[in-house]
Amino acid sequence: MRSRRFVSMADTENGAIRYEVTALNFSGSISFCTYIDGDIKNEDSNYDEKFWNILDVNASEGGAYLESQTKKSDFRVGIAMKYRTSVNGKKTQSKPEVIQLAKWVGNKITFELKEGQTACMEKYVGVTSSLNYAADQLKSNAEELASYAYHKGFDQLFTDHQKKWAEKWVHSDIKIKGDVAAQQGIRFNIFHLNQTYTGEDERLNVGPKGFTGEKYGGTTYWDTEAYCVPFFLMTAPPEVTRQLLIYRYKHLPRAIENAEKLGFNKGAALYPMVTANGEECHNEWEITFEEIHRNGAIAFAIHNYIRHTGDKNYLAEYGIEVLVGISRFWSQRITFSEARKKYVMLGVTGPNEYENNVNNNWYTNKMATWCLQYTMESLEYVKQNNPDRFEELVTKLKLNEEHETQRWKDIVAKMHFPFNEELQVHMQQDGFMDKEQLMAADLDPTQRPINQHWSWDRILRSNFIKQADTLQGMYVLEEEFSTEEIERNFNFYEPRTVHESSLSPCVHSILATKIGRIDKAYEMYLRTSRLDLDDYNAEVHEGLHITSMAGTWMSIVEGFGGKRAYDEKLYLNPDIPSQWEEYAFRITFKGNDLEVRVSETEVEIISHAKKTIQLYVYKQLVTVEPQQSQTISR
Ligand code: BGC
């Protein structure tokens, strides 16, 4: 038996299967049953309750149609299929058995095969949904799509699919010489990222499991801005990331409504921690009310997009509205402590979800003040460069710039950041040193992962850190810290970190390279890149870690490659793990495409840009002419 199946990257509403059976040592009859099954039970259904109503079933000779509807949200999906069969490449004429049940439609085809012959069935599917079609148009369009694929044929569909993929690989591939396991790991990840999100539809986003599993319900998290945005920014045309930003822009009214429900006002926006349509859909208070750092990631993504693409129009047109909403939220959420004579942020959960309801999470405070500062600079930019738009914003946002920014400035100047003088380390939150200070390496291996062995109260009382938290801030705002400062904090926090979120090792890998601990970086890299292939957390049945796959890509390009974008400039500071002979990646910066090849002895920059480009390699200014290359010794 040989089977091949794909959902087309080129014809995005089509999928196809080619199924072949060869009679190796017998002659006899065999049957194929080709069907659409609407009787699906979702993994998180309660008491076996199914999520789908079946609205239409129809089977006929040579094809079938099934239409279903989600029970609560009335989301409709139409699936039409057509198929053809052959024996040794010759079309067969046998009459199928047509089967139509209440939730299942199909055809059964029986072949008389002689020894050595191959029977083949090609199934073509067209899928439509109420996201794109009126309810009464689902069927006709799905049937048309299935016919279109049927006439195009399996090979042509596949060739078009391959072509589309080849374009993606040109821009996003990473080649590693001398380490097959690492090469396979990164390609597996790049494949999945591109398969999950193409950036063609601003209503769509990237779920932590993509389409590979039902955990997290396909919804959007801060993962998108914190992890996926850097990947798409560097490997895809700017429009792809722009769509991710527009997704949040369109959800701004919902984020304002969300904040209002929690008692905030005057246009303060709190984006949901988890969403499908802009509304919060997580069900744990410590995450929905407290894990507010997501607002910071959403604001930072705007800055990240602009510094990589140079598309400053985005700021005036869309970004600024999101920034003002977010800054208004921080301004209301932060309070003044008379005791400290400082601003404080109480009752939050940082990225490290093994702490709840803490005061002054350093990362959240840091991101909040960064947002306020960036919003003020952005308002100034719009005022100077697009006064008409600024006037429009004053009315639309009921903006009283002078009055509002007065408080923002005061917060920036007087925010409290927990710091331990003795250790010279930023404290994850107030009171972190009250905890018994234990190291992850000393944990009994049978107790790990602790989230599967310990009670929540024990986890919350411990000092163990689920994922980068203070270090997440040092990664995002790296230019504010000296290498020594990063090293001190890394050496303090990493040994206390259990990396029980897949989003954790990549950030540590990047910082480890930064502080010259390449072996540690490599160890962390392997942990992230082969997480799903080797299934070492025994959880692949829940789906793949799609968003952390972007983190794996970051650990090569930003970690080993040392790629940074500050002050409108591109920097590279490449290192190479001793396990690798050479690696190469391709990035796009302000519309210019560059290939970077790193070996033990040299760094080669190959330009695919149309104009002369300049960048810094090991702090040295390098100029590369179009289609030329430059080699720098290491
Ligand atoms: C992590 C979050 C993340 C979520 C989805 C959780 O385990 O702690 O930071 O957003 O998974 O990936």
Side-chain angles (χ1 to χ4, degrees), residues 42-44 70 72-73 75 129 131-132 192-233 236 239-259 261 269-284 286-302 304-305 318-319 321-323 325-326 329 349 351 353 367 467 472 476 501-503 542-551 553-554:
N42 289 82
E43 274 172 14
D44 51 354
T70 52
K72 284 201 178 145
S73 48
F75 179 74
S129 83
L131 199 62
N132 299 319
H192 274 290
L193 284 162
N194 283 315
Q195 166 155 279
T196 304
Y197 187 74
T198 57
E200 274 151 30
D201 188 332
E202 69 192 26
R203 296 166 303 171
L204 305 180
N205 210 288
V206 189
K209 300 284 179 196
F211 302 106
T212 65
E214 293 183 22
K215 192 172 175 196
Y216 300 128
T219 48
T220 303
Y221 282 66
W222 74 303
D223 303 32
T224 294
E225 284 75 16
Y227 292 82
C228 302
V229 158
F231 170 79
F232 289 114
L233 265 180
E239 299 79 57
V240 172
T241 310
R242 199 172 196 272
Q243 299 281 49
L244 290 172
L245 301 193
I246 291 285
Y247 176 92
R248 296 293 193 179
Y249 173 77
K250 292 265 165 90
H251 288 177
L252 181 59
R254 281 289 176 85
I256 292 173
E257 203 179 297
N258 190 38
K261 284 185 200 158
L270 175 61
Y271 277 90
M273 185 61 184
V274 183
T275 195
N277 61 3
E279 217 175 329
E280 178 63 73
C281 62
H282 199 284
N283 59 1
E284 289 167 26
E286 60 276 30
I287 305 234
T288 58
F289 303 159
E290 294 201 333
E291 216 179 320
I292 52 180
H293 66 81
R294 72 250 188 181
N295 256 7
I298 291 165
F300 192 84
I302 297 171
N304 214 5
Y305 167 75
Y318 301 101
E321 294 186 37
V322 171
L323 292 173
I326 288 177
F329 172 79
T349 296
E353 292 175 343
M367 290 309 287
Q467 67 199 91
Q472 184 84 22
V476 178
S501 159
S502 64
L503 300 176
E542 292 175 348
L544 308 178
H545 299 84
I546 299 295
T547 47
S548 84
M549 289 178 170
W553 179 92
M554 279 151 60

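On a predicted model such as this, the values are computed, not experimentally measured, just so you know. Only this structure's heavy atoms are used, side chains among them; waters, hydrogens and symmetry mates stay out.
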For a 4.5 angstrom cut-off between non-hydrogen side-chain atoms, does R248 reach E225? yes

Can you name the closest pair of heavy atoms from C228 and V206 and give their distance? SG-CG1, 4.1 Å

Give me the atom names and distance for the closest heavy-atom approach of I546 to L193. O-CD2, 3.5 Å

Begin with the C-alpha distance, continue with both residues' side-chain angles, and end with the deciding distance and a verdict on salt bridge (Lys or Arg N to Asp or Glu O under 4.0 Å) for E280 and R294. CA-CA 12 Å; E280 178 63 73; R294 72 250 188 181; 3.5 Å; yes

If every non-hydrogen atom of G207 is compared with every non-hydrogen atom of T547, which pair is closest and at what distance? O-CG2, 4.0 Å

Checking Y227, Y247, F232 against Y197 for ring-ring contact (aromatic ring centres under 6.0 Å, His included), the one that qualifies is F232

Can you tell me how far the CD1 atom of I298 sits from the OH atom of Y249, to the nearest 0.5 Å? 15.0 Å

Interatomic distance, CG@N304 vs CG@L245, rounded to 0.5 Å, equals 9.5 Å

Of all the heavy-atom pairs spanning K209 and E542, show the shortest one and how long it is. CD-O, 3.7 Å

Least distance between heavy atoms, C281 atom then T275 atom: SG-CA, 3.7 Å

Is the side chain of Q243 donor-acceptor paired with the backbone N or O of G199 at a distance under 3.5 Å, no angle test? yes

Measuring from L204:CG to T220:OG1, what's the distance to the nearest 0.5 Å? 9.0 Å

Could you state the interatomic distance from NZ (K215) to NE2 (H545), rounded to the nearest 0.5 Å? 7.0 Å

Surrounding NZ of K261 (heavy atoms of other residues, nucleotides or ligands, distance under 6.0 Å), is the total greater than 12? yes

Would you say the side chain of M273 lies within less than 4.5 Å of the side chain of W222, judging by non-hydrogen atoms? yes

If we only count heavy atoms from C-beta on, is the R203 to N132 side-chain gap below 4.5 Å? yes

Below 4.5 Å, heavy atoms only, C-beta onward: do Y271 and L252 meet side chain to side chain? yes

Any donor and acceptor pair, going by atom type alone, linking the side chain of T212 with main-chain N or O of L544 inside 3.5 Å? yes

Below 4.5 Å, heavy atoms only, C-beta onward: do N295 and L270 meet side chain to side chain? yes

Could you give the distance from CZ (F289) to CG (N258), rounded to the nearest 0.5 Å? 9.0 Å

Less than 4.5 Å apart, any side-chain heavy atom of H282 and any of Y221? yes

Check: V274 main-chain N/O paired with T219 side-chain donor or acceptor under 3.5 Å: no

Here the pair of heavy atoms bringing V229 nearest to L244 is CG2-CD1, 4.2 Å

Answer whether the closest heavy-atom distance between the side chains of F211 and T196 falls below 4.5 Å. yes

Heavy-atom side-chain proximity of I246 to Y318 below 4.5 angstrom: yes

Here the gap from N205 atom CG to N277 atom CG, rounded to the nearest 0.5 Å, amounts to 12.5 Å

